[in-house]
Amino acid sequence: MQQPVWFGLPVGHSPGKVCAMRRDLNRLANTEFDLLVIGGGILGAGIARDAALRGLRVALVEQRDFASGTSSRSTKLIHGGFRYLEQGAVKLVAESCRERAILQRIAPHLVKPLSFLFVVYEGDRRPLWLMRAGLTLYDWLARGRAPGRHRAMTAAETRAEEPALQSTGLRGAVLFYDCQEDDARFCIDNIHHAADLGAVCVNYCGVTGLVRRGDRVVAASVEAGFEVRAKWFINATGVWAGRLASSVKLAPTKGVHLVVPRVTRQHGVFWQARDGRLVFVIPWWGESLVGSTDTDYAGDPAAARAEPADVNYLLSELRRRFPNASTEVITSFAGVRPLLAGTEAPSARSREHQLVREGANFLSVIGGKYTTYRAIAAEVVEATGLTRAQCQTDTTPLPRYRPSPNGERFSSLPDVWESDVRYAWEEEMALTLSDVMRRRTPLALTRHGDAETAARVAAILGRYAGWSESEQRAQLKAYLGAREHGTL
Ligand SMILES: Cc1cc2nc3c(=O)[nH]c(=O)nc-3n(C[C@H](O)[C@H](O)[C@H](O)COP(=O)(O)OP(=O)(O)OC[C@H]3O[C@@H](n4cnc5c(N)ncnc54)[C@H](O)[C@@H]3O)c2cc1C
């Protein structure tokens, strides 16, 4: 049976050196940087790491916690995106397949192969032969670097693999491979490595305005009350990008996932929903992720959440293909896709990225996929012309950051210990209980994100942070409220 994906290290690892991930406001205020990256999602993190590896003086500022935007709310796949073949996005799929292979190579502890069944039922718009043809092309685009080769299965073989599947009308399936990750952890590790390479990365320090002189930006004002000076400014604020760059036009869509009790035996499963879209269930820390919706969203990105209609849609699709699946929802989360404006329906909107330059030294980067972040980051750094140094992110391993397990144990799946909480506080700039539960560890998106475990984690954090009992209670209340509303 396939093992669930672990976001960190084999037990026993220690980074073995003093970490440089510090909230150094003094350095931020008193250095003239080559590059200021605005936004601590995966694109900002990737740009900071790429630029630091090329020897540039880099700063990164994030308005809330690192990875708190879309980059902790994805499906958590590092994938070629076979469904984009339907839209003719062959170039994007080929690039994603290439990046999938690179990310597996540089971060094998985070990016793990996962098998999927694309199941086909009587009356589906996409017949089995078409899926087989599509996945043949998908494997071919990976040029021999796919995590495994696809294979067609009869209905009986499909049921033998996943006995909980609805048998009535089942025509068969195609087995194929992609990769799974923990998106928040992957982003934090990119920030951590950038910091180790000398980048000044600061969370809870949003940019409130840009100081311009002629067609140049000379500084960015930050919430901490000072200006950060740099030669180039990169707007990597995802779905918030239009707030800093007037020429950026987005058409965001919301995607909801539910964490539910384990549904499948070992595979991820895709199927065609009643409305023709694709929905899926994926193994996740001994439970399952069901997703996702894809609907236009014009509200505040930070307030995006699973509405009752989203939950009903996903649960009813789940029960259509897994009739005995429980209707319990352990928790949910919603992310907003920073898609470029277009006239297409939400799920057909382009996943390509775009660089938008305003003036001499201000560049916005929007769109793209988590999977392609590394290549996009390299393109951004090169677009500034700040250095001729070669990109090194395709060959430089992403270090493994995790302390040796020690102290009280909070959960075995995922494997989280008191030492992880301490490490998050002391070495990874976690400032709140939610930072630890949701983004330094994956506890919040599992059963172990409940009030009992959260209270134990809050008590330990309280000791390190010097929180009073009422501060601890306030942290717990904020965490549990956000988890219940699906806005963590
Ligand atoms: C539901 C869903 C599922 C997805 N699934 C996948 C998948 O499985 N695989 C895949 O490859 N891709 C997937 N994606 C796409 C992927 O998640 C995104 O492309 C990626 O996370 C975007 O990263 P980002 O850094 O551009 O944005 P974000 O992660 O949103 O980062 C932007 C950051 O900027 C910060 N910010 C905003 N304004 C300011 C300011 N003024 N000052 C400082 N900081 C600021 C925000 O707080 C935020 O943290 C999915 C997306 C969604 C929504």
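Just follow the structure's listing: the first ligand is 1, and inside any ligand the first atom is 1.
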Could you please provide the protein residues found below 4.0 Å of ligand 1 on a heavy-atom basis, arranged by chain and number? Ile38, Gly39, Gly40, Gly41, Ile42, Leu43, Val61, Glu62, Gln63, Gly69, Thr70, Ser71, Arg73, Ser74, Thr75, Lys76, Leu77, His79, Gly206, Val207, Ala236, Thr237, Gly238, Trp240, Gly255, His257, Gly335, Val336, Arg337, Gly368, Lys369, Tyr370, Thr371
Any donor-acceptor pair under 3.5 Å linking the side-chain atoms of Glu427 with those of His192?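 No, because no side-chain N or O of His192 sits under 3.5 Å from a partner of the opposite role on Glu427.
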Can you give each donor-acceptor pair under 3.5 Å made by side-chain atoms of residues 480-488, sequence neighbours left out, with the distance rounded to 0.1 Å?
| unit_1 | atom_1 | unit_2 | atom_2 | d |
| --- | --- | --- | --- | --- |
| Arg483 | NE | Ala444 | O | 2.9 |
| Arg483 | NE | Gly449 | O | 3.4 |
| Arg483 | NH2 | Ala444 | O | 3.4 |
| Arg483 | NH2 | Thr446 | O | 2.8 |
| His485 | ND1 | Gly481 | O | 2.9 |

So among Asp275, Thr295, Thr293, which one has a side-chain hydrogen bond (donor to acceptor under 3.5 Å, both in side chains) with Tyr313? Asp275
With sequence neighbours left out, what residues match His193 under ring-ring contact (aromatic ring centres under 6.0 Å, His included)?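 By the ring-ring contact (aromatic ring centres under 6.0 Å, His included) rule, His193 matches no residue at all.
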Name all residues meeting the side-chain hydrogen bond (donor to acceptor under 3.5 Å, both in side chains) criterion together with Tyr370; count only those two or more places apart in sequence or in a different chain, and write none if there are none.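 Not a single residue meets the side-chain hydrogen bond (donor to acceptor under 3.5 Å, both in side chains) criterion with Tyr370.
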Indicate, with yes or no, if the rings of Phe82 and Phe176 have centres closer together than 6.0 Å. yes
